[in-house]
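Structure first, then comments.
We count ligands from 1, going down the list as the structure has it; atoms in each ligand are counted the same way. Quick caveat: nothing in here was measured; it's all calculated off a predicted structure. This chain uses plain numbering: 1 for the first residue, then up along the sequence.
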Amino acid sequence: MNSAPNAPSSPKKASLSGILEMLPDFSLRSRNSFGFEALAEQAYSITDAEQIGAVMEGIDATGLPWRVLGGGSNVILAPTLPGVTLLMDITGQTITHQDGSGTVITVGAGVNWHDFVLWTLDHGLPGLENLALIPGTVGAAPIQNIGAYGVEVGEYIQSIKAFDCESKALVTIAASDCAFTYRNSLFKENPHRYIITRVHFYLPAAWSPRLRYADLAAAFANRHAPTAEEVMVAVCKIRNRKLPDPKLIGNAGSFFQNPIVEKAQYLALLKQFPELVSYPEGDEGSGKRKLAAGWMIDRCGFKGVRAGAVGVYQHQALVLVNHGGGNADSVLALAKTIQDKVQDTFGVTLAIEPIRY
Ligand code: EPU
């Protein structure tokens with residue numbers, strides 16, 4: 001993916017904050033993993049939490065629309081993003097507390113997620129290895145509560161530092177108040193309330209590998225208990241086998257969420273489709289099941305299908321890809337075709353996972 005040059009092309013507009021440089025008509029092509037051509041009308045690189053207040057003041061005064069962009073790995077960008085785009089570039093990671101029971105690490109929202117996972121392992125701090133190689137930034141991770149191979153990031157978060165757009169102040173939100181559930185959180189539910197600036201992780205000293213997920217269990221079948229590094233390497237191998245590298249083929253990971261259905265609907269579906277792949281969901285006894293959307297889409301015959309510049313990845317039907325030259329409209333049109341077919345076949349509604357800007 002080559003980024004278009006970010007030379008100013010429109011008459012100079014004044015910066016909203018007075019302090020920060022405003023980047024006009026800023027190309028986001030290299031900042032979204034679909035590789036869509038997208039121009040941010042006014043972009044600001046945020047490198048310090050203290051800068052946010054002044055920019056938000058300007059936004060409030062002008063009434064311009066706005067959004068925050070992290071790694072751009074879970075978004076579908078329109079060709080033009082009106083108003084203000086905040087580029088979350090706060091970096092740095094420090095161990096802020098350590099004792100016999102565990103370690104607290106404070107990490108800037110703009111840090112690359114996978115680099116951070118490798119950093120923890122380099123520092124002898126296991127826990128996040130199942131979440132290796134997930135694209136995106138640390139600040140975006142809690143928003144959709146990233147999860148893979150039986151682990152969700154919310155389990156390892158102690159608290160979150162964020163700019164609260166209501167009180168106009170930096171606040172600390174305890175993990176217990178973040179409403180983490182499958183691919184959801186307080187932040188996803190209230191997209192214009194909080195701007196995450198730092199995440200405080202808590203990694204307990206007591207550790208054992210988490211290998212419940214079938215692919216991972218198979219990788220270590222008949223072997224000694226692996227180290228966290230070995231789990232990380234196995235996770236990277238599995239991901240590389242199934243998921244396209246956004247540097248080579250534009251994509252936003254899973255394009256749909258795995259739908260959760262009630263027990264009765266699950267049992268009826270199982271009768272009709274005995275090979276249906278699903279997992280228990282939520283409290284034991286609720287009977288709820290999470291269905292593998294990838295399996296359903298595959299079963300409908302979409303794997304590897306192309307629709308012009310976009311398509312369905314050949315090794316994982318849950319992932320839509322941009323072969324080059326695609327855009328938000330083309331990928332959403334393909335998504336609609338898939339949603340309709342899955343609805344007709346299984347009576348299940350697929351929700352789109354990435355956020356549309
Ligand atoms: N399957 C098919 N055909 C396909 C795709 C999947 O038959 O084309 C079957 C697989 O064989 C497997 C089941 O469906 O039995 C589930 O597939 P997979 O193990 O690949 O996981 P997933 O449910 O499709 C979820 C997450 C991924 C995460 C993996 C591993 C969601 C929306 N996706 O995918 O997350 O990496 O589990 O934990 O929950 C992401 O969010 O971007 C992402 C990649």
### Winner among Ile238, Asn258, Leu216, Asn130 once heavy atoms are compared against atom 25 (C) of ligand 1
Asn258
### Query
In the protein, what heavy atom is nearest to atom 3 (N) of ligand 1, and what distance, to one decimal place, separates them?
Asp298 OD2, 2.8 Å
### Query
Is any heavy atom of the protein nearer than 4.0 Å to atom 11 (O) of ligand 1?
no
### Summary
Smallest heavy-atom separation, Leu131 atom then Ala148 atom, equals CD2-N, 3.5 Å
### Task
Check whether any N or O atom of Ala317, backbone or side chain, sits under 3.5 Å from an N or O atom of ligand 1, and answer yes or no.
yes
### Message
Before you tell me yes or no, could you show the steps for Lys188 and Glu353 under salt bridge (Lys or Arg N to Asp or Glu O under 4.0 Å), namely the whole-Å CA-CA distance, both residues' side-chain angles and the distance that decides it to 0.1 Å?
### Response
CA-CA 11 Å; Lys188 194 161 175 184; Glu353 167 54 36; 3.7 Å; yes
### Message
I need the nearest protein heavy-atom contact for atom 9 (C) of ligand 1: residue, atom name and distance, please.
### Response
Trp295 CB, 3.9 Å
### Query
What residue and heavy atom of the protein are closest to atom 14 (O) of ligand 1, and at what distance?
Ala292 CB, 3.5 Å
### Message
Is there a side-chain contact between Pro191 and Arg67 in this structure, where contact means two heavy atoms from C-beta onward sitting under 4.5 Å apart?
### Response
no
### Task
State, to 0.1 Å, how close Cys165 and His192 come at their nearest heavy-atom pair, and which atoms those are.
CB-O, 3.5 Å
### Message
Does only the side chain of Tyr279 get under 4.0 Å from ligand 1, or the backbone, or both, or neither? Count heavy atoms.
### Response
side chain
### Summary
Quick look: His315 vs ligand 1, heavy-atom contacts under 4.0 Å, and the answer is neither
### Message
Heavy atoms only: which of Lys242, Gln316, Gln144, Gln314 lies closest to atom 6 (C) of ligand 1?
### Response
Gln316
#### Entry: Protein heavy-atom partner closest to atom 40 (C) of ligand 1 - residue, atom, separation in Å
Ser254 OG, 3.0 Å
## Note on the structure
Looking only at protein heavy atoms, what sits closest to atom 34 (O) of ligand 1 is Leu318 CD2, 4.0 Å
### Task
Run the numbers for me: atoms of ligand 1, each under 4.0 Å from some heavy atom of Ala148, listed by number.
36 (O), 38 (O)
### Message
For Tyr313 and His315, take the angle between the two ring planes, folded into 0 to 90°, and tell me which bin it lands in: parallel under 30, tilted 30 to 60, perpendicular over 60.
### Response
perpendicular
### Summary
For atom 15 (O) of ligand 1, the closest protein heavy atom turns out to be Val277 CG1, 3.5 Å
### Query
Between Phe187 and Tyr194, how do the two ring planes meet: parallel, tilted or perpendicular, split at 30° and 60°?
perpendicular
### Query
Should the pair Phe273 and Phe346 be assigned to parallel (<30°), tilted (30 to 60°) or perpendicular (>60°) ring geometry?
tilted
#### Entry: Test item: Asp177 side-chain N/O and Ile173 main-chain N/O as donor-acceptor pair under 3.5 Å
no
### Query
Which class fits the ring pair Phe201 and Trp113: parallel under 30°, tilted 30 to 60°, perpendicular over 60°?
tilted
### Task
Go through ligand 1 atom by atom and flag the ones less than 4.0 Å from a non-hydrogen atom of Gly253.
42 (O)
### Query
Given the rule in the salt bridge (Lys or Arg N to Asp or Glu O under 4.0 Å) test, do Glu281 and Lys290 qualify, once you have shown the distances and angles that lead to the verdict?
CA-CA 6 Å; Glu281 172 64 21; Lys290 192 193 281 171; 3.5 Å; yes
#### Entry: For ligand 1, the portion of Arg239 having any non-hydrogen atom under 4.0 Å away
side chain
### Query
Of the protein's non-hydrogen atoms, which lies at the shortest distance from atom 35 (O) of ligand 1, and what is that distance?
Arg183 NH2, 2.8 Å
### Message
Can you check which of Tyr149, Phe256, Tyr213 brings a heavy atom nearest to atom 37 (O) of ligand 1?
### Response
Tyr213
### Task
Return the minimal non-hydrogen interatomic distance between Arg31 and Leu69, and the atom names on each side.
O-CD2, 3.8 Å
### Task
Around atom 39 (O) of ligand 1, find the nearest protein heavy atom and jot down its residue, atom name and distance.
Tyr182 OH, 2.7 Å
